Amino acid sequence: MIKHFHLFVCLVSINMIGCSSGSKDLDVVLKKDNLCFFTNDKKSNYYDSNKDLFIYMNRAERKEEVTSTFEKNYKNFPLPIDEGNCLSIPLTSFEQNIVYTIVLDIKPTYSSNLCLKKINNELTVKKLKAGEVSCPKG
């Protein structure tokens, strides 16, 4: 019985470590008519020598089927490490008060959960925690 307990504890520990090593935080700024995404991480890297980057976005809804609302593949593009070489998604791709998950598929993977809100007639970006599916009030 004690052997089974130790095995169970080891398996749970391994599972928790694996689950906690998800994606890293993807930074975002509002630039003119776009949201601009970058890693702010000098350890970011391409998956292979093709220097391809893939960014996609979907609504953060509690549904079985997730549909991408935006996706773009960049060929031979500089790594979006800082704001100067960020990846842009047009504001027209977003609806206000809807939570979106944006994923940058490089090594490692980066993601951001956010929504757009108008506060005092000014558009702002609200970053959210993973799993949140509603845009905060105010």
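We're numbering straight along the sequence, starting at 1. In this text the structure is predicted, and so the values were computed from the model without any measurement.
Heavy atoms only, all atoms of each residue included: K129 and E132 are closest at N-OE1, 2.6 Å. The heavy-atom pair separating L26 from I102 by the smallest distance is CD2-CG2, 3.9 Å.
With a 4.5 Å cut-off on side-chain heavy atoms, L35 and L116 count as touching. Contact check for I98 versus C135: no side-chain heavy atoms found under the 4.5 Å cut-off.
When hydrophobic clusters are built by joining Ile, Leu, Val, Met, Phe, Trp and Tyr residues whose side-chain heavy atoms come closer than 4.5 Å, directly or via intermediates, L87 is grouped together with F94. Note on L79 and I55: same hydrophobic cluster, where clusters join Ile, Leu, Val, Met, Phe, Trp and Tyr whose side-chain heavy atoms are under 4.5 Å apart, directly or indirectly. Residues Y46 and F37 share a single hydrophobic cluster, defined by chaining ILVMFWY side chains whose heavy atoms lie under 4.5 Å apart.
In this structure a side-chain-to-backbone donor-acceptor pair under 3.5 Å is missing from E122 to I119. No donor-acceptor pair under 3.5 Å is formed between the side chain of N121 and the backbone N or O of K118. In terms of modelled atom types and a separation under 3.5 Å, the side chain of K117 and the main chain of P136 share a donor-acceptor contact. Formation of a donor-acceptor pair under 3.5 Å by the N50 side chain with backbone atoms of D52 is not found in this model.
The distance from atom NZ of K42 to atom CG of D82, rounded to the nearest 0.5 Å, is 7.0 Å. Taking CD from Q96 and CG from L91, the interatomic distance works out to 9.5 Å, rounded to the nearest 0.5 Å. Of the inter-residue distances, the one linking C115 atom SG with E95 atom CD reads 12.5 Å to the nearest 0.5 angstrom.
With a 4.5 Å cut-off between side-chain heavy atoms of Ile, Leu, Val, Met, Phe, Trp and Tyr, the cluster of V103 takes in F54, Y56.
A 6.0 Å sphere centred on CG of D33 holds no more than 12 heavy atoms belonging to other residues, nucleotides or ligands.
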Distance-only donor-acceptor pairs under 3.5 Å for side chains of residues 69-77, two or more places apart:
from : atom 1 : to  : atom 2 : distance (Å)
T69  : OG1    : M57 : O      : 3.3
E71  : OE1    : S68 : OG     : 3.3

Just distance, no hydrogens or angles: give the donor-acceptor pairs under 3.5 Å from side chains in residues 104-111, sequence neighbours left out.
from : atom 1 : to  : atom 2 : distance (Å)
D105 : OD1    : Y47 : OH     : 3.2
Y110 : OH     : D41 : OD2    : 2.6
Y110 : OH     : S44 : OG     : 2.9
S111 : OG     : S23 : OG     : 2.6

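Under the rule for a side-chain contact (heavy atoms from CB on, under 4.5 Å), the partners of K31 that lie at least two apart in sequence or sit in another chain are V29, C36, E83, C86. Residues meeting the side-chain hydrogen bond (donor to acceptor under 3.5 Å, both in side chains) test with Y100, sequence neighbours left out: none. In this structure, the side-chain contact (heavy atoms from CB on, under 4.5 Å) partners of N113, at least two apart in sequence or on a different chain, are T101, L128, A130.
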